Structure formats: structure tokens, C-alpha cells
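Computed from a prediction, not measured in an experiment: that's the story for all the values here.
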Amino acid sequence: MRPILLKGHERSITVVKFNFDGDLLFTASKDHTPSVWRSENGERLGTFNGHKGTIWDLDVCRFSKRVVTASADASAKLWDCETGECLKTFVHHGPVRGAAWADGSNMFATISDPFVEHNAQISVYDVPENDDPSTYADTPRLEIDLPKNANGKRVNATNIVWLNLNEALFVTFDNGAIRLYDPVTGEELDEFFPHEKKINRVSFNLDKTLFITSSADFTAKLYDVVDFRHLKTYKTDRPVNDAVISETKDHILLGGGQEAMSVTTTSGKVGKFETRFFHLVYEEEFGTVKGHFGPINALAINPNGRCYASGAEDGYIRLHYFDKSYLDMKDPVPEELEEGEEDFDEEKEIEEDDEESD
């Protein structure tokens, strides 16, 4: 599996994301300039110039017409995807950590960190596609304050996603919590704790029926979106920075590595900077892909399942196209029944024999 090396960023990568169709790859880093690439051959199509700080997150709308970016310069910017023109800048009180489009692409939500006397916030902005961007309001339609918890400690949001049909805002936090908020009233609907430490990233499958969380507690966990039932846990021996669910196979891709500040003291082999492949059902690791010289910060898999991209602390994005052997690979089916399992074929035969005897 030969990677296409995408060299366009000067500092460590923070996010990589395919659009809905999988023909474009959007990337951002700490160098202030998000880029867009053709996923077919790794050609850079252009950049979005205007931010003055690290780009922590970005999201592209369903039909790849507009892009929203979240930056440490305390702003979120709305861009025309085709021309790279900045349509509108939305100023926040603190560094903006995440941004996400709602279904229908007529509004987006952001999360921002606390700054001086301002608390962390979740903001929802209305940006109707058919309206002139100059008519968009500078202030959000809804602001949800995230005050200190009962212990007087600040809890910062790390990711934000809209659930199906914009029923709720799904927000992860650095204390291992996930909260759901009503996007109309701002009321908190639910809270649960999948992890003990910070949730670095959350990733959904394409139809948003499953999600996987990546945490600093060395695990990634798979959940059902409908009832938030915990399904599987994938254990590693290092912090997990990102994990994605394959659309075409029952596989999970995990990326991570040691903390960035201790990377210079170890070799690439010891630091374990590879992408790890796990079986979704059996929770077993069956392969790794090496190549990076720093912890993997971001992963994305193409919706068509033919390639994946990884971005790391070393500033490179590696676009891997899977070999035919992987695409044709059949997942193993356990031959021996484990304790407590029943053979359905035997049961069926017994039922058929009973029917015949009747």
C-alpha cells in the first residue's frame, strides 16, 4: 500500500476530512491555512487564506458548496468552497475548538473555550444558503453557556456534532463526558461518561447510527446512537487521538501515539506512530500501517472505503489507497462455538424434524 504524501502544511496537522462524495479532502493544521485536495491523486486545489491562528476544526456542507472553519484566533469563518472566498467572519469570545454543519446546511454550530471572564460556549448560527452572506447576523441565534462545574473547575468542549434531523447537539468534553443539548432552547437533555479522561475526537459513520470516541485513557469506544448503548471497546497502549469507522467493512482505524512533547526523546518505532486496524465486532487488532514521524492527530476514511488519510504531528498527510488484497479480504468467522453460544443450524434441523414427525 503506497501512500500519496501531501506536503502543503508547515506545522502539525489538526484535522483531515473527506466531503460527502469522497472526491475532495479538506485538511487543516497549526499554520493558519486550511487546504483542499483532490483525493484521487493528491493534487492541491487551493487554500482558504484569512485566519491568524491555529485551525482546530473544519466542516464542509453536504454538497461541498461552503466550508466553515474554527480557529484559535477566536473566530469562525464561512468560505465559498469553489472560489476560496471568505463569505463571513463570526467573532467569538475565546478560541473556537469545533464547528459542524446541521442537516440541510442552513445553520452551523461552534464550540469555544473560556477566555478571561467569558465562559466556554456553544453557539448556533443561521446561514441560509440562498440568502446574501452580508445579511447574516453577527451574533448567534442561540448561545449555551458552559459554566464551571460544582467543584469550580472549568470543563471545556472538545467536539460538536448534529444528530440526525437536527434533533440534538452532541458535545464531547475534556472530562470524559458527552452531553446532548436541545438546538432550539439550549436545554441540556442528557449527560453520560464513556471515558475517565479527555475525549480527543468523536467520529460517526455516514448514516449516523454508530459513533466511536477516542480518548486519552488509551481506549476507543463504539456506541449506538439511538439509545447510547456501549457496544465495543478497543484497547491500546497509548493515547488515542482519532478513530474512524469503515463504511464498507466491519473495521475500525485508530491513530495516536505518545504525547507530542515527549516525541523527540524516542525513535519512531518506540513512539508507535502507526495507524492500527481493529475488527469492529471481535475487537482484535489485525494490522498496522507505519510511516509517520509523530503522533497521528487526525484520521479520515473515504465514504467509498477505498482509501484513508492520516495527518500527524510531523506536518504530513498520508493518503493511502488500499490494496486489492485488502478490498477483497473476507472477515474471519469463528468456527468453534464459545461457551453459551448456540448453533442456529442445529436448532433449525431439530425444528424441521419435529415438523416432519407431526
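Alongside Phe193, the hydrophobic cluster contains no other residue (criterion: ILVMFWY side chains under 4.5 Å).
The number of heavy-atom neighbours closer than 6.0 Å to CD of Glu283, taken from other residues, nucleotides and ligands shown, is above 12. At most 12 non-hydrogen atoms from other residues, nucleotides or ligands lie less than 6.0 angstrom from CD of Glu82. Around CZ of Phe192, the count of heavy atoms belonging to other residues, nucleotides or ligands within 6.0 Å exceeds 12. In the displayed structure, Glu10 atom CD is contacted under 6.0 Å by at most 12 heavy atoms of other residues, nucleotides or ligands. Annotation: Glu188, atom CD; neighbour count of heavy atoms from other residues, nucleotides and ligands within 6.0 Å is above 12.
When every heavy atom of His230 is checked against every heavy atom of Lys232, the shortest pair comes out as NE2-O, 3.1 Å. Taking each heavy atom of Ser39 and Leu319 in turn, the nearest pair found is O-CD2, 3.2 Å. Residues Ile160 and Ala109 approach most closely at CD1-CB, 3.7 Å, considering heavy atoms. Across all their heavy atoms, Ile13 and Ala28 have their closest contact at CG2-O, 3.5 Å. Annotation for Ile111 and Ile122: closest pair CG2-CG1, 3.9 Å, computed over non-hydrogen atoms. Listed here is the closest heavy atom pair of Pro194 and Gly176: CD-O, 3.0 Å.
Annotation: side chain of Ser310 is in contact with side chain of Leu299 (closest heavy-atom distance under 4.5 Å). Side-chain contact between Val15 and Phe26 is absent, with no heavy atoms from C-beta onward closer than 4.5 Å. Side-chain contact between Asp57 and Lys17 is present, with at least one heavy-atom pair separated by less than 4.5 Å. Using a 4.5 Å heavy-atom cutoff, the side chains of Glu247 and Asn205 are in contact. Considering only heavy atoms from C-beta on, Arg66 comes within 4.5 Å of Val127 through its side chain. For the pair Phe48/Thr69, no side-chain contact is recorded, criterion being any heavy-atom separation below 4.5 Å from C-beta on. Contact of the Leu146 side chain with the Asn119 side chain is not registered, since no non-hydrogen atoms from C-beta on lie closer than 4.5 Å. Put simply, the side chain of Arg306 reaches to within 4.5 Å of the side chain of Leu327, judged on heavy atoms.
When only modelled atom types and interatomic distance are considered, Lys77 and Thr89 share a side-chain donor-acceptor pair under 3.5 Å.
When atom types are taken as modelled, the side chain of Asn166 and the backbone of Asp103 share a donor-acceptor pair closer than 3.5 angstrom. Here the side chain of Thr158 pairs a donor or acceptor atom with the backbone of Thr172 at under 3.5 angstrom. Not one N or O on the side chain of Lys30 forms a donor-acceptor pair closer than 3.5 Å with the backbone of Thr14. With hydrogens and angles disregarded, no donor-acceptor distance shorter than 3.5 Å links the side chain of Arg44 to the backbone of Ser35. With hydrogens and angles ignored, the 3.5 Å screen pairs a side-chain donor or acceptor of Asn200 with a backbone N or O of Val240. Without hydrogens or angle criteria, Thr236 side chain to Phe218 main chain gives a donor-acceptor distance under 3.5 Å. Between the side chain of Asn19 and the main chain of Gly22, a donor-acceptor pair closer than 3.5 Å is present. A donor-acceptor pair under 3.5 Å is absent between the side-chain atoms of Asp145 and the main chain of Pro147, judged by distance alone. Side-chain atoms of Asp314 come within 3.5 Å of backbone atoms of Phe293 as a donor-acceptor pair (strictly under, hydrogens ignored). Judged by distance alone, with hydrogens and angles left aside, the side-chain atoms of Ser215 form no donor-acceptor pair with the main-chain N or O of Ile199 at under 3.5 Å.
Residue Asp23 holds its CG atom at 5.5 Å from CG of Asp21, rounded to the nearest 0.5 Å. Here CD1 of Ile301 is found 9.5 Å from CD1 of Ile252. Values are rounded to the nearest 0.5 Å. With values rounded to the nearest 0.5 angstrom, Ile296 atom CD1 is found 8.5 Å from Asn241 atom CG. Note that CZ of Phe277 and CG of Leu253 are 4.0 Å apart. Values are rounded to the nearest 0.5 Å. Rounding to the nearest 0.5 Å gives a distance of 12.5 Å between CZ of Arg38 and CG of Leu25. Note that CZ of Arg201 is 13.0 Å distant from CD1 of Ile212, once rounded to the nearest 0.5 Å.
Salt-bridge check for Lys52 with Asp73: failed, with every basic side-chain N at 4.0 Å or more from each acidic carboxylate O. A salt bridge does not link Asp174 to Lys153: none of the charged nitrogens lies less than 4.0 Å from a carboxylate oxygen.
Leu210 and Tyr234 fall within the same hydrophobic cluster, where Ile, Leu, Val, Met, Phe, Trp and Tyr residues are linked whenever their side-chain heavy atoms come under 4.5 Å apart, directly or through other members. There is no path of hydrophobic side-chain contacts, each under 4.5 Å, that joins Trp79 to Phe63.
A search for ring pair (Phe, Tyr, Trp, His ring centres under 6.0 Å) contacts involving His279 returns His251, Tyr282, not counting sequence neighbours. In terms of the ring pair (Phe, Tyr, Trp, His ring centres under 6.0 Å) criterion, Tyr321 has no residue partners (sequence neighbours excluded). Applying the salt bridge (Lys or Arg N to Asp or Glu O under 4.0 Å) test to Asp250 and every residue at least two apart in sequence or in another chain returns nothing. Phe108 meets the ring pair (Phe, Tyr, Trp, His ring centres under 6.0 Å) test with Phe90, Trp101, Tyr125; sequence neighbours excluded. Remark: Phe18 engages no residue in a ring pair (Phe, Tyr, Trp, His ring centres under 6.0 Å) (not counting sequence neighbours).
Between Asp217 and the choices Lys197, His195, Lys198, the side-chain hydrogen bond (donor to acceptor under 3.5 Å, both in side chains) rule is met once, by His195. Just one residue in the list Tyr181, Phe211, Trp162 forms a ring-ring contact (aromatic ring centres under 6.0 Å, His included) with Phe170, and that residue is Phe211.
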task: Please report the C-alpha distance between Ser29 and His9 in whole Å, then the side-chain angles of each, then the deciding distance to 0.1 Å, and finally whether the side-chain hydrogen bond (donor to acceptor under 3.5 Å, both in side chains) criterion is met.
output: CA-CA 7 Å; Ser29 80; His9 291 289; 3.3 Å; yes
Check against ring-ring contact (aromatic ring centres under 6.0 Å, His included), Tyr223 and Phe228: CA-CA 6 Å; Tyr223 279 81; Phe228 298 105; 7.9 Å; no
message: Could you walk me through whether Gln121 and Ile144 satisfy the side-chain contact (heavy atoms from CB on, under 4.5 Å) test, starting with their C-alpha distance in whole Å, then the side-chain angles of each, then the deciding distance to 0.1 Å, before giving a yes or no?
response: CA-CA 6 Å; Gln121 277 185 333; Ile144 304 168; over 6 Å; no
